[in-house]
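Below you'll find the structure, written out as structure tokens, and then a few comments.
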Amino acid sequence: MIGENVELPELAILSQQMTKEIVGKRISQVEVANPKCLNMPFDQFQKAVAGKTIKSVESRGKWLFIKLGSDYVLLFNPGMGADVIHFKPDSRLPEKYQTKFTLEDRTGFTIRAWWFCYLHLMHANELDRHKLTARLGITPLDKRFTIDYFRQLLNNKRGSIKTFLLDQKNIAGIGNVYIQDMLFNAKLHPNRVVSSLTNAEIETLHKSIKSVLNESIKMGGLAYEKDFYGKKGDYGSDQFKIAYKPEKPCPVCQTTIQKIKTGSTSSFICPNCQPLTR
Ligand SMILES: [Zn+2]
């Protein structure tokens, strides 16, 4: 499942695998049992989508951008969680799913959303009118996400560094899972005020954001999330340093890791390595 915990690594992996399996193929049939996820009536959606060739699949933050023909982009967001699973003509389909795309060669994929998901079809030249994605920031794996870019982004921002990093308009794709170790590596308390960060801290944080995400992608994403082939990743408890390890010793100084409330989210910190000094 790609879920509430879905973050950049999981969607980046999914988009790579989808690119390999479905790009270049034409959609022959579409079923949608939860039409509320669409941004138009099903009939209209079906008419627009059927017969279109899938041109590309890209991930941006928690969204997949699936280009259909030259005119349309299908925008998918898994909401609280969804399985997006590939099938072949002889595959057994998942027991439950709401959406099914069948391609011309009888392969395709099903989507099972746990709660809700978004499946919005937009004209390619009207993407800037799609409110949920138009203001998404760039992803940390984008070539443009340099240290200078990051510094510029942080400049004159109010509030805590954690709130800043979770805001998808600043950077797309960081959620409450990977952020824990990103901040720990940089020795930053989640409530540190952005304007108090030193240059050295910003540099360490920038490196840490990239390394945590790249390491997870290398390992196939989170251990409890399924990819396009239904396989779970290998990035789990052994890879986390302090995330989801309350009462365990800090891997650096052995101080007991604490779980604290930070706004609407939980944070895991080492009170010794990540003091709230300023
Ligand atoms: Zn520590």
Side-chain angles (χ1 to χ4, degrees), residues 1-3 5-27 30 37-39 45 48-49 52-79 81-86 99 101 103 107-111 113 117-146 149-150 153 167-175 178 209-210 212-222 225-229 231 233 235:
M1 145 177 129
I2 48 172
N5 293 328
V6 61
E7 297 187 26
L8 192 148
E10 289 68 46
L11 276 174
I13 291 163
L14 187 61
S15 75
Q16 284 165 10
Q17 295 171 335
M18 289 179 84
T19 298
K20 187 171 162 234
E21 300 293 346
I22 67 173
V23 165
K25 295 180 183 175
R26 208 197 307 241
I27 298 170
V30 55
C37 68
L38 303 175
N39 59 338
F45 180 80
V49 162
K52 291 280 188 309
T53 300
I54 298 169
K55 294 286 187 185
S56 62
V57 182
E58 279 165 27
S59 63
R60 225 171 118 202
K62 301 179 183 187
W63 290 82
L64 285 182
F65 287 59
I66 304 170
K67 214 169 165 204
L68 303 180
S70 49
D71 300 335
Y72 287 101
V73 181
L74 187 58
L75 302 166
F76 171 73
N77 178 308
D83 283 339
V84 182
I85 306 285
H86 182 239
T99 303
F101 282 85
L103 309 175
T107 68
F109 60 97
T110 56
I111 302 173
C117 65
Y118 300 102
L119 202 57
H120 288 179
L121 188 67
M122 296 295 290
H123 265 284
N125 55 12
E126 287 180 346
L127 272 182
D128 56 352
R129 282 162 59 176
H130 188 253
K131 289 201 178 87
L132 296 168
T133 60
R135 293 177 64 206
L136 277 180
I138 63 170
T139 84
L141 300 179
D142 193 305
K143 279 196 194 89
R144 293 171 291 170
F145 186 69
T146 59
Y149 181 90
F150 189 44
L153 212 55
D167 186 339
Q168 303 298 302
K169 292 194 288 296
N170 293 325
I171 300 173
I174 299 177
Y178 295 106
I209 289 171
K210 290 190 172 202
V212 168
L213 296 173
N214 279 320
E215 185 61 22
S216 178
I217 289 176
K218 215 163 66 187
M219 298 190 68
L222 291 173
E225 306 282 0
K226 281 185 192 163
D227 67 8
F228 201 42
Y229 306 111
K231 187 182 166 293
Y235 197 90

Original post:
In terms of heavy-atom contacts, does NZ of Lys25 have more than 12 from other residues, nucleotides or ligands at under 6.0 Å?
Top reply: yes
Original post:
Are side-chain heavy atoms of Leu68 and Lys55 found at a separation under 4.5 Å?
Top reply: no
Subject >> Any Ile66 side-chain heavy atom under 4.5 Å of Met18 side chain >> reply: yes
Original post:
Of all heavy-atom pairs between Leu136 and Arg60, which one has the smallest distance, and what is that distance?
Top reply: O-NH2, 3.2 Å
**OP:** Evaluate the ring planes of His120 and His130, with Trp represented by its six-membered ring, and classify them as parallel (under 30°), tilted (30 to 60°) or perpendicular (over 60°).
**Re:** perpendicular
**OP:** Evaluate the ring-ring contact (aromatic ring centres under 6.0 Å, His included) criterion for residues Tyr72 and Phe45: first the C-alpha distance (whole Å), next the side-chain angles of each, then the deciding distance (0.1 Å), finally the verdict.
**Re:** CA-CA 11 Å; Tyr72 287 101; Phe45 180 80; 9.4 Å; no
**OP:** Walk me through it: do Ile85 and Phe109 pass the test side-chain contact (heavy atoms from CB on, under 4.5 Å)?
**Re:** CA-CA 5 Å; Ile85 306 285; Phe109 60 97; over 6 Å; no
Original post:
Are any of the side-chain heavy atoms of Ser56 and Lys67 separated by less than 4.5 Å?
Top reply: yes
Original post:
Just how far is it from atom CD of Gln168 to atom OG1 of Thr139, taken to the nearest 0.5 Å?
Top reply: 10.5 Å
**OP:** Tell me, yes or no, whether the heavy-atom count around Lys20 atom NZ, taken from other residues, nucleotides or ligands under 6.0 Å, exceeds 12.
**Re:** no
**OP:** Identify the heavy atoms of Tyr235 and Ser216 that sit nearest to each other, and give their distance.
**Re:** CD1-CA, 3.4 Å
**OP:** State, yes or no, whether a side-chain contact exists between Leu8 and Ile174 at a heavy-atom distance under 4.5 Å.
**Re:** no
Original post:
So do Glu10 and Leu14 actually touch side chain to side chain, heavy atoms under 4.5 Å?
Top reply: no
Original post:
Taking it one step at a time, do Phe76 and Tyr118 satisfy ring-ring contact (aromatic ring centres under 6.0 Å, His included)?
Top reply: CA-CA 5 Å; Phe76 171 73; Tyr118 300 102; 9.1 Å; no
Original post:
Can you find a heavy atom in the side chain of Phe150 that is under 4.5 Å from one in the side chain of Ile171?
Top reply: yes
Original post:
What's the shortest heavy-atom distance between Ala48 and Leu121, and which atoms?
Top reply: CB-CD2, 3.5 Å
**OP:** For residues Asp142 and Tyr149, determine if any side-chain heavy atom of one lies less than 4.5 Å from a side-chain heavy atom of the other.
**Re:** no
Subject >> Point-to-point distance, once rounded to the nearest 0.5 Å, from CG of Asp83 to SG of Cys117 >> reply: 11.5 Å
Subject >> Asn39 to Met122 - nearest heavy-atom pair and separation >> reply: ND2-SD, 3.8 Å
**OP:** Determine, step by step, whether Leu132 and Leu75 satisfy the side-chain contact (heavy atoms from CB on, under 4.5 Å) criterion, reporting the C-alpha distance in whole Å, the side-chain angles of both residues, the deciding distance to 0.1 Å, and the verdict.
**Re:** CA-CA 10 Å; Leu132 296 168; Leu75 302 166; over 6 Å; no
**OP:** Taking all non-hydrogen atoms of both residues into account, name the closest pair between Leu213 and Leu141 and its distance.
**Re:** CB-CD2, 4.3 Å
Subject >> Residue pair Thr99 / Phe101: nearest heavy atoms and the distance that separates them >> reply: CG2-CE1, 3.7 Å
Original post:
To the nearest 0.5 Å, what is the distance between NZ (Lys143) and CD1 (Ile138)?
Top reply: 12.0 Å
**OP:** Find the distance between CG (Leu119) and SG (Cys37) and round it off to the nearest 0.5 Å.
**Re:** 5.0 Å
Original post:
His86 vs Phe228 aromatic rings, parallel, tilted or perpendicular, using cut-offs 30° and 60°?
Top reply: tilted
Original post:
Could you give the distance from CD (Glu7) to OG (Ser59), rounded to the nearest 0.5 Å?
Top reply: 12.5 Å
Original post:
Do you know which of Leu103, Thr53, Ile54 makes side-chain contact (heavy atoms from CB on, under 4.5 Å) with Arg26?
Top reply: Thr53
**OP:** Report the distance from atom CG of Asp71 to atom NE2 of His123, rounding to the nearest 0.5 Å.
**Re:** 6.5 Å
Subject >> Heavy-atom side-chain contact between Leu74 and Phe65 under 4.5 Å >> reply: no
